Amino acid sequence: MAAIFRPAIFRISKLFPRRFLSADVTFDKLNYLNGERINPNNPLINQSEAIYNPATGEVLCELQLAGEGDVDAAVRSAREAFEEWSGKTGMERGDVLMRAAQIISENREFLAKVETMNQGKPLWESRCDLQTAIDTLKYFGGLAPTLSGQHIQLANGSFAYTRREPLGVVCGIGAWNYPLQIASWKAAPALACGNTVVFKPSPFTPITAVMFAEILSNAGLPPGCFNVVQGRGDTGSFLVKHPDVAKVTFTGTGQNIMRDAASNLAQVTLELGGKSPLIIFEDADIQEAVKGTLNANYLTQGEVCSNGTRVFVHDSIRRQFVAALVDRISKMVIGNPLDDRTHIGAVINQSHRDKILTYVNNAVSQGARRLIGGEVVSPSGSNCSDGFYVSPCVLECSDNMTIVKEEVFGPVVSLLSFTDEADVVRRSNSLDYGLAAGMFTKDIQRAHRVSAKLQAGIVWVNNYNLTPSEVPFGGYKRSGYGRENGSTAVNHFTQLKTVYIEMNQVDCPYPS
C-alpha cells in the first residue's frame with residue numbers, strides 16, 4: 001500500500017512539511033470527528049472503494065465507507081458544536097477562516113502535489129485550485145463581520161428589525177474534479193454565517209478534504225464544527241436524510257439529493273452539471289477565441305461541469321478558427337501531471353476513461369468527423385504508462401448527435417456551425433441544462449443582448465471558466481439551483497428572523 005502522510009506531521013506549528021516526499025505520507029484514518037482523524041466505527045460491511053493515483057494507475061489504498069452510525073455521530077457532534085460556534089462574533093469566525101487561508105498559503109505546494117496525486121490534474125492547475133480556496137476563505141472571512149439585518153421604521157415610533165441567523169448543521173457533498181476547492185466553497189460561507197458542517201467528499205478523491213479539516217482545526221475552529229465522513233451514495237443518503245441536517249449543498253450528479261432532503265424540509269443548493277454553449281461570432285478575435293475554447297474544454301482534462309463543450313462557430317470564420325484550434329491542441333503535452341511542462345493530466349479512473357472513449361466512438365459512428373485526439377495515450381517515463389490518459393479531442397458534429405446533447409465530462413469539443421444570431425441562441429438554449437454559456441465578440445451591444453437571452457446561470461464574454469470568489473456561481477434548469485460564492489451565498493446559509501417592537505399602547509378592538 002502506498003504511503004501518503006503521517007498524522008503526526010499535522011501537529012507541528014508548520015502544518016505540513018515544506019517538501020513533498022511521497023514516502024513520507026500515509027492514507028490512514030480518513031474520517032474526521034471532533035478535531036481528530038478516525039476510522040469509521042460502523043463502516044458499511046464488506047464495502048470499500050479503491051483510491052487511485054490516476055497518473056500511474058496505482059491503487060493507493062482501500063477506503064472504508066462510513067455507515068449510518070458514523071454519519072449520526074458526525075451530525076450529532078456538529079449539532080453540539082453549533083451553539084458555541086454560532087455564538088461567536090462574525091469577527092471571531094472570520095479570523096478563523098483568515099488563519100486557515102494563511103496555512104494553506106504557506107503549504108500550497110505540498111497540498112497541490114497531494115491534490116494532483118489523487119485527482120490527476122496538472123500540478124499548475126492544483127496550485128490554481130489552492131489559490132481559489134485561499135481566496136474563498138479570505139472573502140468569506142472578510143464578509144463574516146459584516147453580516148447584519150435591517151432596521152425598519154414604522155408608524156408612531158414603533159419599528160421592526162431583522163436578524164440574519166445561521167441554519168444549524170450543513171451537509172456538504174463534494175465532487176472529485178475540484179476536491180479541496182469545492183470543500184472550501186461549501187465550508188467557508190457556511191462557517192462564516194455561524195453554521196457547522198459535515199462534509200462528504202467524493203469517494204474517488206478523499207484525501208485533501210481531511211487535510212482541509214485539519215487546517216481548519218489548526219486555525220482555531222472548535223472541535224465538531226467541521227467533520228468529514230467518507231463514502232459513496234449510501235453514506236451521502238444517510239447524511240442528507242438525517243433529521244438534524246438543516247441545509248444540503250451538493251455538487252455532482254443525482255436529483256435524488258432533493259428527494260432525500262425533502263424528507264426533513266432541509267434547504268438545498270444543487271450544482272448538477274451542464275452542457276454549455278460557447279458562441280464564436282464572426283467579429284471575434286480568432287486567437288482570443290481559440291484560447292477561450294481551450295480554457296472552456298481542457299482544464300482538469302475536461303472534467304469541469306461548466307465547460308463550454310458545444311462550440312458554435314460562425315461559418316464565415318470556421319476554417320481559420322478550426323485550423324488555429326487544432327494547431328494549438330497538437331502542441332499540448334500529455335503526461336505526468338507532477339511535471340510542470342504537462343498540459344493534460346489523467347482522467348479520474350479507467351471506468352471514466354472508457355466512458356469518454358465510448359462517447360467519442362459513438363459520435364464517429366453517428367457521422368461526427370474527428371479532427372484530432374479522442375484516443376488512449378500511454379505517456380512514457382515516470383511510471384505513467386498505466387495511467388488513465390485521453391488525448392484532447394475535437395469533433396465536427398451536428399445538433400442531433402448524442403455527444404452534443406449529453407455531458408461527457410472529458411476533453412472533447414463538439415464543433416458546430418451557425419450563421420444567424422437568433423438561431424444560435426435558440427440552439428444554445430435547446431437542452432435541459434443551463435449552468436453556463438460564453439461568447440466571443442467585439443460588439444458590446446450584441447454581448448449584452450445575447451447574454452440576456454441565454455438560459456444560463458453565468459455567461460462569460462470574451463473569456464471562459466473564470467470563477468472568482470466574489471462572483472455568484474450556479475445554474476438554470478436541470479443544472480440545479482441556488483448559488484455558491486459572492487455575497488448572495490449568505491442568503492443560502494442563513495435564515496431571517498423579524499422582531500417587531502411596539503412603542504405605544506396596544507390598539508385592541510375587543511371589549512375590555
Side-chain angles (χ1 to χ4, degrees), residues 274-299 302 304 306-332 343-344 359-360 363-364 366-374 391-401 403-405 408 410-431 433-456 458-466:
K275 190 69 181 177
S276 302
L278 173 57
I279 306 170
I280 314 299
F281 285 102
E282 69 273 18
D283 64 338
D285 181 310
I286 289 180
Q287 292 304 322
E288 287 296 298
V290 167
K291 290 191 290 184
T293 301
L294 297 175
N295 290 343
N297 285 280
Y298 300 125
L299 295 173
V304 181
S306 57
N307 271 359
T309 55
R310 291 185 294 150
V311 180
F312 294 91
V313 184
H314 194 277
D315 208 42
S316 65
I317 61 169
R318 179 186 177 89
R319 181 176 298 177
Q320 304 97 299
F321 176 84
V322 170
L325 178 64
V326 171
D327 178 63
R328 290 194 64 145
I329 292 172
S330 69
K331 298 173 183 176
M332 287 183 175
H343 300 114
I344 301 290
Y359 268 111
V360 171
V364 171
Q366 292 175 7
R369 181 175 169 229
R370 190 195 324 237
L371 302 182
I372 191 171
S391 56
C393 181
V394 177
L395 299 170
E396 287 188 329
C397 298
S398 57
D399 289 21
N400 62 339
M401 293 178 179
I403 201 166
V404 177
K405 296 184 286 186
V408 178
V412 183
V413 167
S414 295
L415 205 60
L416 304 156
S417 295
F418 77 97
T419 56
D420 178 71
E421 178 184 304
D423 178 62
V424 78
V425 170
R426 177 190 61 78
R427 293 162 66 193
S428 295
N429 293 334
S430 64
L431 303 184
Y433 292 111
L435 181 56
M439 76 188 80
F440 277 79
T441 180
K442 295 176 183 176
D443 185 337
I444 190 64
Q445 292 180 326
R446 169 187 277 160
H448 288 296
R449 181 175 64 245
V450 174
S451 292
K453 293 178 180 178
L454 289 170
Q455 297 169 3
I458 185 168
V459 178
W460 288 283
V461 178
N462 295 331
N463 214 325
Y464 207 94
N465 265 341
L466 298 177

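Model, not experiment: these values are computed from the prediction. Because only heavy atoms are used, hydrogens play no part in the values below, and waters and symmetry mates are left out as well, while side chains stay in.
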Identify the heavy atoms of [X] and [Y] that sit nearest to each other, and give their distance.
| X | Y | answer |
| --- | --- | --- |
| Ser391 | Gly373 | OG-CA, 3.2 Å |
| Ala284 | Ala289 | CB-CB, 4.5 Å |
| Val404 | Cys397 | CG2-CB, 3.6 Å |
| Leu395 | Ala368 | CB-CB, 4.4 Å |
| Pro392 | Ile329 | CG-CG2, 3.8 Å |
| Gln287 | Ala324 | NE2-CB, 3.8 Å |

- Could you list all the side-chain hydrogen bond (donor to acceptor under 3.5 Å, both in side chains) pairs where at least one residue sits in residues 410-421, not counting sequence neighbours?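 Matches after skipping sequence neighbours: Arg318-Ser417, Glu421-Arg446, Glu421-Arg449.
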State the [atom1]-[atom2] distance between [X] and [Y], to the nearest 0.5 angstrom.
| X | Y | atom1 | atom2 | answer |
| --- | --- | --- | --- | --- |
| Leu416 | Asp399 | CG | CG | 5.0 Å |
| Lys442 | Asp285 | NZ | CG | 5.0 Å |
| Phe312 | Leu415 | CZ | CG | 10.0 Å |
| Leu278 | Asn307 | CG | CG | 10.0 Å |
| Met401 | Tyr359 | CE | OH | 15.0 Å |
| Ile403 | Ser398 | CD1 | OG | 11.5 Å |

- Message: For His448, is there any backbone N or O sitting under 3.5 Å from a side-chain donor or acceptor partner on Ser451?
- Response: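 Not confirmed, Ser451 side chain does not pair with His448 backbone.
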- Item | Expected output: side-chain Tyr298 to main-chain Cys393 donor-acceptor under 3.5 Å |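 Yes, Tyr298 side chain to Cys393 backbone: donor-acceptor pair under 3.5 Å.
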- Query: Are Leu325 and Thr293 close enough, and set up right, to give a side chain to side chain contact (heavy atoms under 4.5 Å, CB included), and what steps lead you there?
  - Reply: CA-CA 8 Å; Leu325 178 64; Thr293 301; 4.0 Å; yes
- Who are the ring pair (Phe, Tyr, Trp, His ring centres under 6.0 Å) partners of Phe281, not counting sequence neighbours? Phe418
- Task: Applying ring pair (Phe, Tyr, Trp, His ring centres under 6.0 Å), name anything that partners Tyr464, two or more places apart in sequence or on another chain.
- Result: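 Tyr464 satisfies ring pair (Phe, Tyr, Trp, His ring centres under 6.0 Å) with Trp460 only.
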- Task: Mind checking side-chain contact (heavy atoms from CB on, under 4.5 Å) for His343 and listing every partner two or more places apart, or none if nothing turns up?
- Result: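 For His343 the side-chain contact (heavy atoms from CB on, under 4.5 Å) partners, ignoring immediate neighbours, are Met332, Val333.
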- Message: Could you work out, with side-chain contact (heavy atoms from CB on, under 4.5 Å) as the rule, every residue matching Leu431, not counting sequence neighbours?
- Response: Lys275, Arg310, Lys405
- Message: Would you say that Ile286 contacts Ile280 through its side chain, given a criterion of any heavy-atom pair below 4.5 Å between the two side chains?
- Response: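 No. Closest side-chain heavy atoms not under 4.5 Å.
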- Does the side chain of Asn297 reach to within under 4.5 Å of the side chain of Thr309, using non-hydrogen atoms? yes
- Task: Please report the C-alpha distance between Ser306 and Asn465 in whole Å, then the side-chain angles of each, then the deciding distance to 0.1 Å, and finally whether the side chain to side chain contact (heavy atoms under 4.5 Å, CB included) criterion is met.
- Result: CA-CA 7 Å; Ser306 57; Asn465 265 341; 2.6 Å; yes
- Message: Do Thr441 and Asp443 pair up side chain to side chain, a donor and an acceptor below 3.5 Å, judged on atom types alone?
- Response: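 Absent: no donor and acceptor within the cut-off.
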- Message: Does anything in residues 287-298 form a salt bridge (Lys or Arg N to Asp or Glu O under 4.0 Å)? List the pairs, not counting sequence neighbours.
- Response: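 Applying salt bridge (Lys or Arg N to Asp or Glu O under 4.0 Å) to every pair that reaches into residues 287-298, excluding sequence neighbours, yields Glu288-Lys291.
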